[in-house]
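One structure is given below, encoded as structure tokens.
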Amino acid sequence: MVPGTRVAVLGAGSWGTTFAKILVDGGADVVLWARRPELAREISEARRNSDYLPGVNLPVGLRATSRLDLALAGAEYVFVSVPSQSLRENLIAAEPYLAPNVTIVSLMKGVERSTGMRMSTVIEQVLPISPERIAAISGPNLALEIAKEQPTGAVVSSSSLETAQAVAKLATNRYFRSYVNTDVIGTEFGGVLKNLIAVAIGIVDGVGFGENTKASIITRGLVEMTDFAVAFGAHPETLAGLAGLGDLIATCQSPLSRNNTAGRLLGQGYSIHDVVKQMQQTTEGLASVKPILELARAKGVAMPIVEQVRQVLDGTLNPRDIAPHLTTDSSEPQGERTIDDGQAHGSAALWGAFKRTFDQLRDGGRSSRRD
Ligand SMILES: NC(=O)c1ccc[n+]([C@@H]2O[C@H](COP(=O)([O-])OP(=O)(O)OC[C@H]3O[C@@H](n4cnc5c(N)ncnc54)[C@H](O)[C@@H]3O)[C@@H](O)[C@H]2O)c1
Ligand SMILES: O=P(O)(O)OC[C@H](O)CO
């Protein structure tokens with residue numbers, strides 16, 4: 001990365017603000033766009049975003065504005081972190097101010113409810129830029145932990161390896177390390193699907209069930225995630241990496257997760273109406289359940305856990321009943337089938353993931369690598 005590369009971040013919630021800090025701490029020249037002028041002022045003047053990141057001091061080099069034209073002027077890279085349902089309208093507003101040859105990076109983990117589209121495909125549809133200039137970032141990335149500079153990793157994915165590497169260089173610093181891959185489908189769906197499993201985990205937590213139930217849901221949830229993503233063209237290895245298993249673990253076990261929290265409230269008996277009212281921040285999983293199930297049906301993929309989450313949201317399943325039929329409604333004993341119908345490829349994928357993790361640890365985090 002050329003130090004001082006001009007970057008814009010759109011969306012000054014928890015993740016947009018945290019990511020702006022990651023980029024500044026990596027040496028980029030960052031302008032953060034906030035919808036509300038008072039928030040832009042708080043970030044620029046007090047170096048705080050007290051609603052979203054309490055107790056965090058933001059870097060001196062971070063500038064913020066509520067003027068989209070000023071944020072985007074001359075930006076070579078634009079990172080987008082608005083709620084997924086608002087991406088399309090925000091891109092339309094941004095388009096007149098985008099520099100030629102700009103690279104757009106999605107930080108979001110939802111699908112568009114009305115179309116079922118992934119965020120990178122919405123970007124591709126709305127903006128006149130080639131897919132090689134679009135990237136997505138995903139991984140075990142709870143914003144508040146990263147804003148406090150606790151070390152973590154993520155995956156930058158683009159159909160162009162060159163773009164993924166350029167973005168990964170920007171998004172790497174002493175506490176944040178970016179790996180690269182070219183499996184955009186797997187990387188994006190990993191981020192979307194783990195939210196749904198985290199809602200299920202929250203529900204059983206709220207009911208009062210313990211670790212066996214949660215471990216069963218996480219393990220079977222990973223199978224659902226992998227089946228779904230592979231049916232849409234993803235590589236199974238991606239789902240065993242940071243953007244799949246890694247994010248699934250972080251989101252399912254952290255009380256910081258909004259999806260997990262929403263699930264817990266449902267498990268405690270609150271209605272979806274009450275839960276939505278209580279959630280102050282973006283909870284992508286709640287909007288993704290229906291479009292994901294529609295996509296799954298279209299490909300003939302069974303998603304019993306996500307289906308049960310939908311029933312709890314609709315009020316047609318008592319949260320206490322979510323556990324007993326985790327994998328199937330059939331009373332016949334089933335094979336466990338983990339990754340891909342028990343073919344040799346599944347164990348090879350898992351072995352590959354373990355080996356890569358080992359190699360990365362041995363490497364000591366010195367270079368941008370494939371996840
Ligand atoms: N918070 C995290 O830990 C985290 C980590 C990784 C990815 N993400 C993803 O990042 C995306 C953004 O989430 P977040 O956590 O920053 O949410 P958030 O609720 O903390 O912030 C969302 C921001 O978007 C703004 N906003 C709301 N409606 C808008 C609209 N119509 N147009 C423009 N801006 C609007 C809000 O004012 C707020 O500043 C989500 O897709 C989420 O899944 C979040
Ligand atoms: O707070 P959540 O549930 O949106 O999860 C945040 C991040 O996606 C965790 O990686």
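Atoms within a ligand are numbered from 1 in the order they appear, just like the ligands themselves. Values below: every heavy atom of this structure, side chains too, minus hydrogens, waters and symmetry copies. Everything numeric in this text was worked out from a predicted model, so none of it was measured.
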Ligand 2 atoms nearer than 4.0 angstrom to some heavy atom of N259 are 2 (P), 3 (O), 4 (O)

In ligand 1, the atoms that come under 4.0 Å of a heavy atom of Q281 are 19 (O), 20 (O)

Within the 4.0 Å heavy-atom cut-off, what R258 brings close to ligand 1 is side chain

Quick note on ligand 1: atoms under 4.0 Å from a heavy atom of L142 include exactly 3 (O)

key: Close side-chain approach of K194 to K109, heavy-atom, < 4.5 Å   = yes

Quick check: does R36 get an N/O under 3.5 Å from an N/O on ligand 1? no

May I ask you to decide whether K290 forms a salt bridge with D314, counting only side-chain N to carboxylate O separations under 4.0 Å? yes

For N141, the atoms of ligand 2 under 4.0 Å from one of its heavy atoms are 7 (C), 9 (C), 10 (O)

If you define the side chain from C-beta out and look only at heavy atoms, does anything of S158 sit under 4.5 Å from V167? no

Donor-acceptor under 3.5 Å (T18 side chain, S14 main chain):
yes

Near A143 (heavy-atom distance under 4.0 Å), the atoms of ligand 1 are 1 (N), 2 (C), 3 (O)

Counting from 1 in the order shown, the ligand 1 atoms closer than 4.0 Å to a non-hydrogen atom of S81 are 10 (O), 11 (C), 12 (C), 16 (O)

Check your understanding: Looking just at side-chain N and O atoms, do S160 and E162 make a donor-acceptor pair shorter than 3.5 Å?
Key -> no

Notebook entry, point to check: Would you say G139 and ligand 2 have an N/O pair spaced under 3.5 Å apart?
Noted result: yes

Under 4.0 Å between heavy atoms, the region of D247 that gets near ligand 2 turns out to be side chain

Near K109 (heavy-atom distance under 4.0 Å), the atoms of ligand 2 are 7 (C), 8 (O), 9 (C), 10 (O)

Would you call G11 a ligand 1 contact, heavy-atom distance under 4.0 Å?
-> no

- prompt: How about T187 and N181: does a side-chain donor come under 3.5 Å of a side-chain acceptor?
  reply: yes

Give the ring-plane orientation class for W15 versus F176, where under 30° counts as parallel, over 60° as perpendicular and anything between as tilted. tilted

Ranking M108, E145, K194, R258 by closest non-hydrogen atom to atom 4 (O) of ligand 2, top hit is R258

query: Within less than 4.0 angstrom of ligand 1, does E89 place any heavy atom?
result: yes

One should read off an interatomic distance between M108 CE and S84 OG, to the nearest 0.5 angstrom, of 6.0 Å

L107 heavy atoms within 4.0 Å reach ligand 1 at atoms 7 (C), 8 (N), 9 (C), 10 (O)

(message) If you measure every N or O of N195 against every N or O of ligand 1, does any of those distances drop under 3.5 Å?
(response) no

Min over S86, G139, A93, P83 of heavy-atom distance to atom 25 (C) of ligand 1 lands on P83

Of N90, N49, T18, L68, the one whose closest heavy atom lies nearest atom 33 (C) of ligand 1 is N90

